[in-house]
Amino acid sequence: SDMAQDVPMNGSYYLLYGRGDSPTYSSSPPVLTNHGAQFIPPISDGMVDPATIQGNRSENRDDEVHSVMVRVHGVVMTVAFSIFGVIGIFFAAWMKPVLVQNGCWFQMHRAMMTASLLLGVFGFMCIFVAHQHSPFRGHYGLVSLDNPCDIIHFTWGIAIMVLLVANPIIALFRCKPNAPRRWIYNLIHGVIVGLLFELLVLANSCLGFYLLGGGECAMFYIYLFFCIFTVVTNII
């Protein structure tokens with residue numbers, strides 16, 4: 001009997017949330033099993049009266065705000081990186097010979113990358129706001145440690161933000177176009193940081209859509225195609 005483990009239901013308690021599949025058990029009497037590989041179970045923000053819980057919701061959980069902010073994060077990041085970021089890189093990499101007069105290519109490049117930076121910072125903040133309203137905050141709720149794709153998406157996202165902020169700072173120290181060491185700046189700004197940023201953006205967007213809908217999400221295959229296309233074109 002588990003009577004010694006029973007607790008009164010007319011009090012308030014911190015709730016521990018189980019995530020993941022729980023293996024079925026057929027032994028008699030039944031044996032409780034773990035919900036997959038969880039390092040630390042998510043914990044409710046405050047003490048909850050079990051009598052106030054309705055379905056999978058309680059007074060201390062705001063699933064709607066979390067869900068909305070996750071979607072805002074995805075939309076903003078898609079616009080910031082996949083549209084403004086890629087267009088900005090396109091003007092710098094391919095349109096310079098065509099729009100060399102009056103520096104039109106540079107104006108477009110700077111405008112697109114500035115928009116990408118501002119929207120990227122906003123979208124990056126959105127996911128932390130979503131985490132504050134997550135029903136699975138816990139101590140490590142921002143990243144699901146039992147989901148490798150979640151860990152990779154978060155890690156690549158941090159790397160993308162570092163590259164996004166670093167490249168404009170690097171641009172402030174650029175030398176004149178005819179300077180003898182201009183090639184060093186071009187290598188760092190355009191290839192090492194710029195190309196790595198583009199590849200990580202496409203790959204992480206692809207991974208984000210996979211986390212959103214798995215193989216059923218059409219955008220996953222679209223971004224997968226652009227990832228392969230970008231790698232092939234830069235190698236050639």
Side-chain angles (χ1 to χ4, degrees), residues 37 66-67 69-96 108-131 134 140-171 185-236:
H66 173 261
S67 178
M69 293 308 296
V70 169
R71 285 173 170 78
V72 171
H73 164 77
V75 171
V76 171
M77 288 304 201
T78 300
V79 174
F81 297 149
S82 302
I83 297 179
F84 287 119
V86 171
I87 291 176
I89 294 173
F90 172 78
F91 271 93
W94 303 103
M95 300 303 293
K96 186 186 298 185
M108 289 297 299
H109 171 71
R110 182 168 59 182
M112 292 294 103
M113 298 311 295
T114 300
S116 177
L117 174 62
L118 296 178
L119 284 176
V121 172
F122 174 72
F124 190 68
M125 294 170 58
C126 286
I127 200 63
F128 287 93
V129 175
H131 170 60
S134 172
Y140 295 92
L142 185 59
V143 179
S144 176
L145 296 179
D146 54 350
N147 187 347
C149 291
D150 200 13
I151 298 175
I152 295 173
H153 183 71
F154 179 77
T155 304
W156 283 358
I158 295 294
I160 289 170
M161 290 305 302
V162 170
L163 296 174
L164 183 66
V165 174
N167 228 13
I169 298 175
I170 295 173
Y185 165 77
N186 292 338
L187 178 64
I188 297 175
H189 180 76
V191 179
I192 297 178
V193 178
L195 180 58
L196 181 60
F197 167 80
E198 182 181 11
L199 294 176
L200 281 178
V201 160
L202 293 174
N204 213 30
S205 298
C206 180
L207 188 57
F209 283 110
Y210 176 81
L211 290 171
L212 180 65
E216 299 178 357
C217 183
M219 292 300 295
F220 166 71
Y221 294 101
I222 294 174
Y223 274 88
L224 181 61
F225 167 77
F226 278 109
C227 286
I228 298 174
F229 177 79
T230 302
V231 171
V232 172
T233 53
N234 280 278
I235 291 177
I236 296 176

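The first residue in the sequence is number 1, and the count goes up from there.
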Task: Spacing of CD1 belonging to Ile158 relative to CG belonging to Asn204, to within rounding of 0.5 Å - done: 10.5 Å

Task: Closest non-hydrogen atom pair between Ser205 and Ser82, with its separation - done: OG-OG, 3.6 Å

Task: Side chain to side chain, Phe124 and Val76, heavy atoms closer than 4.5 Å - done: no

- [ ] Can you measure from CG (Leu207) to CZ (Phe154) and round to the nearest 0.5 angstrom?
- [x] 13.5 Å

Task: Side chain to side chain, Tyr185 and Ile170, heavy atoms closer than 4.5 Å - done: yes

Open item on the list: Once rounded to the nearest 0.5 Å, what's the spacing between atom NZ of Lys96 and atom CE of Met108?
Closed with: 15.5 Å

Task: Between CD1 on residue Ile127 and NE2 on residue His73, distance to nearest 0.5 Å - done: 4.5 Å

Task: Atom pair CG/CE of Leu117 and Met161 - distance to nearest 0.5 Å - done: 7.0 Å

Open item on the list: Restricting to non-hydrogen atoms, name the atom on Leu164 and the atom on Gly120 that form the minimum distance, rounded to 0.1 Å.
Closed with: CD2-CA, 4.4 Å

Open item on the list: Would you compute the distance between atom CD1 of Ile89 and atom CZ of Phe197 and round it to the nearest 0.5 angstrom?
Closed with: 5.5 Å

Open item on the list: Could you tell me if the side chain of Val79 sits less than 4.5 Å from the side chain of Phe84, heavy atoms only?
Closed with: yes

Open item on the list: Val165 and side chain to side chain contact (heavy atoms under 4.5 Å, CB included): which single residue from Leu163, Ile169, Val162 fits?
Closed with: Ile169

TODO: In sequence, state the C-alpha distance, the side-chain angles, and the governing distance for Val191 and Asn186, and then conclude on side chain to side chain contact (heavy atoms under 4.5 Å, CB included).
DONE: CA-CA 7 Å; Val191 179; Asn186 292 338; over 6 Å; no

Task: Test item: Ile152 and Trp156 side chains (from C-beta on) under 4.5 Å apart, heavy atoms - done: yes

Task: Expected output: side-chain His109 to main-chain Phe91 donor-acceptor under 3.5 Å - done: no

Open item on the list: Ignoring hydrogens, what is the shortest heavy-atom contact between Leu119 and Ala80? Give both atom names and the distance.
Closed with: CB-CB, 3.5 Å

